[in-house]
Amino acid sequence: MADTFLWGAATSAHQVEGHNIHNDWWAWEKAQTRRPQSGAATDHYHRFREDFALAKSLGHTAHRLSLEWSRFEYNENSWSHKAVAHYREVLQELRRLKLTSFVTLHHFTNPQWIAQKGGWENPRVVHYFERYVRKVVDELGELVDFWVTINEPMVYALQGYWNKKWPPQVHSLTRLNRVINNLASAHTSAYHVIHKVFPEAKVGLAQSAIAYEGAHAKHSLDIHAVAFKGWLYNHRFFSLTPRTHDYIGLNYYFGKHEHAQLFPPRLSSQPMPGVVSDLNWPSHPAGLTNLLLEFKRYKAPLYILENGLADANDSRRADYLRQHIRAVEAAQEKGADVRGYFHWSLLDNFEWAEGFTPRFGLVEVDYKTLARRPRVSAYVYKAIIEQAKV
Ligand code: BGC
């Protein structure tokens, strides 16, 4: 690994900050008491200094976080000075600790007033997002090292407009496509807004990538199914946003087996066999190597912006880390220009519809006292980082 390779961990605002009372997730959580409630989450909003100090002490050289749009513009046209001042302190703290910042502008949550106007189905959202990005660029831009416009646009769109798992729990192909197109326009306009002020800025997004493989390796229909799914899920968003990626950001968790049959016509996905996490996600490190080689086609530096597993008793995380970092090295040996790795997550956090049960943190959070305690795997990661430097 080169000396300049960035090592870090990632978080997102709603999952760790606590009390994001002006966003659509908060409203959704409150609409039904039996849903998990994010509440104070890990109180990262007040404890960011302690958390960054931990990341630094664990050997990290970079950190990925997200800004909460609903803190900036909590009502239409009502902008918060407090939000600007807060995130300036956050980013200045990263600078002080010499942690390279990756700043996500949209990580699944929207101001509630945007949701009330139809959210990402309303084409006006592109204008609202652009206005928010301009504000962030003007107020905080010089403190940002890497920009991540949108986290996992395909996941966001599918979970909210196809799978009915996340707000607004819709199932409609037309509406799904509308959302994907608006997200693509929003990314494109954010890219240009940032570059106008900072021509040298490094702007990209975090694409969720799945390693698809044929259920039967030599079955030609399965091979077509893999190509189709790979295009649809992994690459379509890039084809909608050409020439707006200074780097390629990938979030990688697992692989899937794809199977296609003609009579009756059917496409099916199976989880791969292998070690599974507490969420039953299989671990498939070789899939990461393959994806990195596949994404070389965009001819831009590659960063893994998320990779991790839910593992409450920390019995599998250390192996998972070792294997996935080895998978990155394997891709580098074959010519993939990979320049950074971010583990998901620095802290245990609010795992969306699953609530606080899945534990993704390198650092364990005691939700009663909010005390932090690095897990053994956090030290294994530290040792990997140190070894990579020699
Ligand atoms: C998301 C995170 C989430 C993680 C684990 C990613 O899809 O960006 O917000 O916590 O996966 O589910």
Side-chain angles (χ1 to χ4, degrees), residues 8-18 20 23-26 28-29 36 38 41-42 44 51 63-70 102-110 146-163 165-167 183 187 204-211 233-234 237 248-256 271 276-284 287-288 291 303-312 316-317 320-321 324 340-365 367 377:
T11 62
S12 90
H14 192 67
Q15 295 180 270
V16 293
E17 284 181 350
N20 275 312
N23 76 28
D24 55 346
W25 263 84
W26 186 272
W28 191 69
E29 291 158 27
S38 55
T42 72
H44 178 72
D51 294 335
H63 184 69
R64 177 177 172 220
L65 52 72
S66 79
L67 306 181
E68 175 61 35
W69 183 1
S70 67
F102 277 65
V103 177
T104 311
L105 295 163
H106 185 273
H107 197 124
F108 298 159
T109 56
N110 304 298
F146 285 76
W147 300 84
V148 184
T149 57
I150 297 173
N151 181 67
E152 300 188 345
M154 295 304 286
V155 172
Y156 174 78
L158 286 164
Q159 292 287 68
Y161 297 86
W162 188 252
N163 300 329
K165 294 235 170 93
W166 294 353
L183 288 164
H187 164 80
L205 52 76
Q207 169 68 27
S208 161
I210 293 180
Y233 188 82
N234 293 339
F237 206 78
I248 300 292
L250 297 181
N251 294 355
Y252 176 70
Y253 288 92
F254 50 73
K256 278 188 178 172
V276 294
S277 74
D278 295 347
L279 285 173
N280 283 333
W281 297 1
S283 166
H284 183 50
L288 179 56
L291 282 168
Y303 291 86
I304 291 137
L305 296 183
E306 286 181 32
N307 172 241
L309 80 169
D311 179 19
R316 289 151 291 175
R317 191 172 285 102
Y320 184 98
L321 269 161
H324 283 80
Y341 173 90
F342 291 78
H343 194 73
W344 183 270
S345 176
L346 177 63
L347 303 165
D348 286 339
N349 59 55
F350 179 71
E351 178 56 26
W352 307 112
E354 317 287 339
F356 288 104
T357 314
R359 300 282 189 147
F360 276 90
L362 289 166
V363 175
E364 180 182 1
V365 177
Y367 288 114
S377 55

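Whatever order the structure lists them in is the order used to number ligands and atoms, beginning at 1. The first residue in the sequence is number 1, and the count goes up from there.
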Atom pairs and distances, donor-acceptor, side-chain atoms in residues 153-162, under 3.5 Å, two or more places apart:
from	atom 1	to	atom 2	distance (Å)
Tyr156	OH	Asn110	ND2	2.9
Gln159	OE1	Asn163	ND2	2.8

## Note on the structure
The answer, listing residues by chain and number that come under 4.0 Å of ligand 1 through any heavy atom, is Gln15, His107, Phe108, Asn151, Glu152, Tyr253, Trp281, Glu306, Trp344, Glu351, Trp352, Phe360
### Message
Phe237: which residues meet the ring-ring contact (aromatic ring centres under 6.0 Å, His included) condition with it, sequence neighbours left out?
### Response
none
### Task
Working to the nearest 0.5 Å, report the span between CD of Gln15 and CG of Asp348.
11.5 Å
### Task
Taking side chain to side chain donor-acceptor pair (under 3.5 Å) as the test, write out the residues that go with Arg316, two or more places apart.
Asp278, Asp311
### Query
How are the rings of Tyr341 and His343 set relative to one another: parallel (under 30°), tilted (30 to 60°) or perpendicular (over 60°)?
tilted
### Query
What class does the angle between the rings of Trp166 and Trp352 fall in, given that below 30° is parallel, 30 to 60° is tilted and above 60° is perpendicular?
tilted
